Each structure stands twice: as C-alpha cells, then as structure tokens.
Amino acid sequence: MTRFPKNFLWGGATAANQCEGAYNVDGRGLANVDVVPVGEERLAIITGQRKMVDFEEGYFYPAKDSIDMYHHYKEDIALFAEMGFKTYRLSIAWTRIFPKGDEVEPNEKGLEFYEKLFKECHKYGIEPLVTITHFDCPMHLIEEYGGWRNRKMLVFYERLCRTLFARYKGLVRYWLTFNEINMILHAPFMGAGLYFEEGENQEQVKYQAAHHELVASAIATKIAHEIDPENKVGCMLAAGQYYPNTSHPRDYWAALQEDRENYFFIDVQARGTYPNYAKKKWERLGIDVKMTDEDLDLLRAYTVDFISFSYYSSRVASGDPEVQEKTEGNIFASLKNPYLESSEWGWQIDPLGLRITLNAIWDRYQKPMFIVENGLGAIDKPDETGHVADDYRIDYLRKHIAAMKDAILEDGVELLGYTTWGCIDLVSAGTGEMKKRYGFIYVDRDNEGRGSLKRFKKKSFDWYKQVIASNGEDLD
Ligand code: P53
C-alpha cells in the first residue's frame with residue numbers, strides 16, 4: 001500500500017458542551033460542564049477541589065451559549081460538507097436526553113435534535129462518530145448520587161445507551177463510550193462528576209469511579225452489538241507517549257510508569273482484564289476497588305472494536321526528584337522537552353510523537369485505531385473581511401498528517417480515520433477561553449461572550465478541503 005486507504009474517514013470533531021450552547025432550551029437539564037466558569041478557579045473546579053454546583057454570581061460561564069451550534073447546525077454541517085468531510089465527530093449532551101439523569105422516560109425534544117442533526121450529516125454522506133459522554137454528567141446525578149463514585153450510575157448510563165442505540169439505529173454506526181477516559185485521574189469533576197470531601201482518599205474514589213465507567217463501557221459495547229451488529233464501539237484515550245528525560249534508567253522507568261497510568265484504562269477496555277501492575281499499585285496505596293464477579297465477566301466479554309485517542313503532544317518524565325521544570329497550560333504534567341517548540345498555551349509540538357504514539361498503541365493492542373482529536377489551539381487575528389491567514393495551523397496539521405501517513409504506509413498500523421479537534425472554533429475545555437481556537441471556521445465571539453456568532457472560512461479551510469479531496473496526497 002502506498003496511499004491512504006480508500007475509505008479513510010477524514011473529518012473534524014466537537015463536543016456538545018463546547019459548541020451547542022442553548023443550555024436550558026427544549027427541556028435540557030443542568031450538567032457539570034455548564035457550571036465551570038472561565039478564570040482562576042476553573043482548574044480547582046474541574047479537578048474537584050473547589051465545589052461549584054450551580055451558577056454563582058460574578059462568574060462567566062462560556063458553555064451556556066458557546067457558539068450556539070444548537071441553532072446553527074445546518075449552516076455548520078454544510079460548511080463541513082464543503083470541506084469534504086467523510087465523518088463528523090460530535091457528542092450527545094446527556095441532559096438533553098435525560099435532563100436529570102435518573103428519569104425512566106427520555107426527553108423527546110432532545111432525541112429529535114440529534115436525529116435531525118444525524119440526518120443532516122447523511123444528506124451529505126457524512127458518517128457521524130458519536131461520543132456518548134464527552135465530560136458531561138447531569139448535575140442531579142452528581143448532587144444526588146455523587147457522580148461516578150456511585151454504582152447506580154451503571155443503571156442510568158445503560159438507560160442512556162439503550163435509548164440512543166435504539167433511536168439512532170441505522171443513523172449512527174461509530175460510538176465512543178467515554179471521552180478521554182483517563183481524564184478521570186487528572187480532572188475528576190469534568191471527567192466523572194467527582195468532587196472530594198475533606199480528608200478522603202481521592203485515589204480510592206477516582207479508581208472506584210474508573211471501575212464503574214469501565215464496566216459501563218463494557219455494557220454499552222454489549223448492548224450496541226445486540227441492537228445492531230453493524231455498530232462499532234471504541235474507547236477513547238488522551239494519548240501522548242512519555243519520553244524519558246535522559247537515558248538514565250530511572251528516567252525510562254518513570255516514563256513507563258506514567259504511560260501505564262494512562263494505558264491502564266485501555267488495557268481493560270481492549271484486553272478485558274485489570275493489568276497486574278494496577279493491582280499491585282492499588283495494594284501499595286491501600287486502594288480497595290469494589291467489584292463483582294459479574295463485572296469482571298462483562299469486562300472480559302465485551303472489549304472494544306477499536307481504539308480512539310486524542311493527540312496534541314508527547315510528554316516527558318524524569319525519575320530524578322530534583323528535576324521539576326514543568327510545561328504550562330496542560331492538566332497533564334510533563335517536563336519541558338528542549339527539542340520541541342510550544343504553542344501559545346505551552347503545549348509542545350511533536351509530529352513524530354504522533355507516529356511514535358500510533359506505533360506504541362498498535363504494538364500494545366493490535367486493534368484498529370482512530371485519531372479523533374489533533375490540532376493547534378492558537379490566537380487568530382481576522383482581517384476586516386473576517387478572513388484568518390492561519391498558516392501556523394496549516395503547518396501543524398500538515399506535519400501531523402505526514403507523520404500519520406508514515407505510520408500507516410511505512411509502519412503498517414491500522415487506522416480508520418482522522419478528525420481534527422474543534423473543526424469550527426469552540427470553547428476550550430481546559431481554560432474556558434474562546435480565543436484558544438482550533439477551527440477551519442472562525443466564529444465571531446470573544447472570551448466575554450460578545451460577537452455576532454457569524455462564521456468565516458479561514459485559510460486552513462481550503463487547505464483541508466484539498467487534503468481530503470486528494471485523500472491525503474496533496475498536503476502543500
Ligand atoms: P483545550 C488536556 C489535555 C489533553 C486533552 O483542549 C484535553 C485536555 C483538556 O484541556 O482535552 C481534550 O480545549 C478534550 C477536548 C478539548 C481538547 O482536548 O483545553 O477532549 O474537549 O477541548 C483541547 O485546548
């Protein structure tokens with residue numbers, strides 16, 4: 001093979017809470033992702049260290065309106081189609097379907113919205129790729145049950161999945177159970193609706209919640225296949241291989257430990273059992289994860305069909321306690337890599353790291369992969385017509401696509417597709433800013449929520465269109 005596979009799925013990705021807005025429209029309930037404001041306290045809130053359960057005076061909550069894709073989806077999908085998208089990755093807002101989370105009957109208005117959206121995609125031959133939960137959890141489930149720390153979440157999540165698989169049978173074939181499932185360890189309120197009480201063993205809570213999500217993911221895979229054998233279910237990892245800071249063996253050991261912390265989740269979802277290194281770690285830390293034999297059977301029997309991941313950067317670890325100079329702007333701790341340049345938010349840019357990560361995941365699992373996020377968050381400066389000459393973004397994407405091409409053509413990894421993150425500008429998950437933009441399409445809205453919400457094509461729009469039209473041959 002000397003070219004990308006003919007049916008390679010090129011496209012872009014978004015998440016409900018970062019683009020839809022309309023947070024209280026058509027019966028939608030309140031979710032964790034709604035109550036995370038912009039500003040200094042955001043990090044403490046998304047990591048569960050500072051409790052915020054509702055809108056508070058004096059804060060700005062960007063997800064309330066976001067770029068209002070709820071009312072612009074036709075226009076936006078038409079633009080994706082113009083770029084030639086084969087797939088569009090989006091997520092379901094749980095609280096549109098079950099506003100509180102524990103209802104028995106779903107909210108018809110919410111179901112209708114996504115049905116219309118999926119039909120709009122199919123009008124242009126775009127295959128939807130659906131994340132069932134992208135960081136969102138109904139606030140009611142958090143306040144009433146404690147979020148994913150509670151085993152009852154399995155019932156509510158199963159109900160959500162059943163409802164979606166039944167209603168969208170024939171409209172959706174590709175599903176992801178939990179966005180960046182490893183985020184639970186780094187941003188537990190955002191990842192799993194967890195906040196902590198004084199003095200409690202946070203690691204214990206996080207791994208218990210992780211177990212619940214892993215079993216929920218297996219149940220989802222089971223039901224998806226039962227309802228429609230055509231369904232393909234994937235897991236989703238915030239990926240990025242760790243490099244040792246030096247050739248000192250203890251640095252290599254540190255990097256391996258860090259990688260395992262992330263691969264732990266995929267080891268379970270792709271292989272079906274808890275790895276020994278995790279059991280030993282829990283033993284050492286005095287963590288006792290409650291699980292039933294039935295849970296373990298489910299994990300074993302219902303592994304995922306494919307492995308999806310986000311990739312923005314590689315990471316660096318050191319086993320030397322004296323070495324601590326961390327990069328900025330990311331919830332994932334990493335040391336600075338002196339060989340790499342950084343984005344305006346301090347994320348280090350490493351295209352070869354994508355090839356390395358693809359190979360590492362392929363070597364570990366031998367399951368088809370899907371890159372479902374990659375891209376450059378940058379400050380864009382539109383001219384008076386609204387046009388942005390984003391050569392820096394084109395440069396980033398070109399190099400990453402070339403690296404991905406090498407992994408497929410030179411190394412032989414199996415890759416289903418590639419969706420760039422934030423194909424239309426949207427609210428940043430990490431910082432809540434609007435000015436951290438990833439899109440091919442500029443949206444007129446600023447950090448404070450001002451702007452016309454008008455959409456403008458950037459220079460990268462035409463570039464990506466040509467990449468897709470040539471099936472990855474023409475990257476210039
Ligand atoms: P933002 C951190 C590290 C890696 C992936 O992130 C991350 C994060 C969260 O900041 O999240 C993914 O918007 C996530 C998206 C998110 C995207 O990366 O902080 O799946 O929701 O928007 C980019 O620049």
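What you see is a predicted model; the values in this text were computed from it and never measured. First listed ligand is number 1; within each ligand, the first listed atom is number 1. Note that the numbering runs from 1 along the sequence shown for the chain.
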Fill in: Proximity winner for atom 11 (O) of ligand 1, if only heavy atoms of Gln18, Met190, Glu180, Met236 are counted
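Comparing heavy atoms across Gln18, Met190, Glu180, Met236, the nearest one to atom 11 (O) of ligand 1 lies in Glu180.
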Using a 4.0 Å cut-off to any heavy atom of [X], which atoms of ligand 1 qualify?
{"X": "Ala429", "result": "1 (P), 13 (O), 16 (C), 19 (O), 21 (O), 22 (O)"}
{"X": "Tyr312", "result": "17 (C), 18 (O), 23 (C)"}
{"X": "Lys436", "result": "1 (P), 19 (O), 24 (O)"}
{"X": "Gly430", "result": "1 (P), 10 (O), 13 (O), 19 (O)"}
{"X": "Tyr438", "result": "1 (P), 6 (O), 23 (C), 24 (O)"}

Item to complete: Kindly check if the number of other-residue, nucleotide or ligand heavy atoms within 6.0 Å of NZ (Lys86) is above 12?
Response: no
Worksheet item: Of the options Tyr396, Trp345, Trp347, which is the one that meets Tyr312 in a ring-ring contact (aromatic ring centres under 6.0 Å, His included)?
Response: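 Of Tyr396, Trp345, Trp347, ring-ring contact (aromatic ring centres under 6.0 Å, His included) with Tyr312 is met by Trp347 alone.
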Discussion item. Is there a salt bridge (Lys or Arg N to Asp or Glu O under 4.0 Å) between Arg28 and Asp34? Walk through the geometry before answering.
Written reply: CA-CA 11 Å; Arg28 184 185 178 283; Asp34 299 327; 2.9 Å; yes
Discussion item. Could you check whether Asp380 pairs with Arg393 (Lys NZ or Arg NE/NH1/NH2 to Asp/Glu carboxylate O, under 4.0 Å)?
Written reply: yes
Discussion item. One thing to verify: whether Asp136 and Arg96 come together as a salt bridge, which I'm taking to mean a side-chain N less than 4.0 angstrom from a carboxylate O.
Written reply: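 No, this pair does not count.
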Relative to ligand 1, is [X] under 4.0 angstrom through side chain, backbone, both or neither, heavy atoms considered?
{"X": "Trp347", "result": "side chain"}
{"X": "Ser428", "result": "both"}
{"X": "Asn179", "result": "side chain"}

Worksheet item: So, do Arg315 and Tyr242 sit near enough that their side-chain heavy atoms are less than 4.5 Å apart?
Response: yes
Discussion item. If we only consider heavy atoms of His134, is any one of them less than 4.0 Å away from an atom in ligand 1?
Written reply: yes
Fill in: Name of the residue among Thr14, Thr177, Leu176 meeting side-chain contact (heavy atoms from CB on, under 4.5 Å) with Thr131
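Exactly one candidate clears the test, Leu176.
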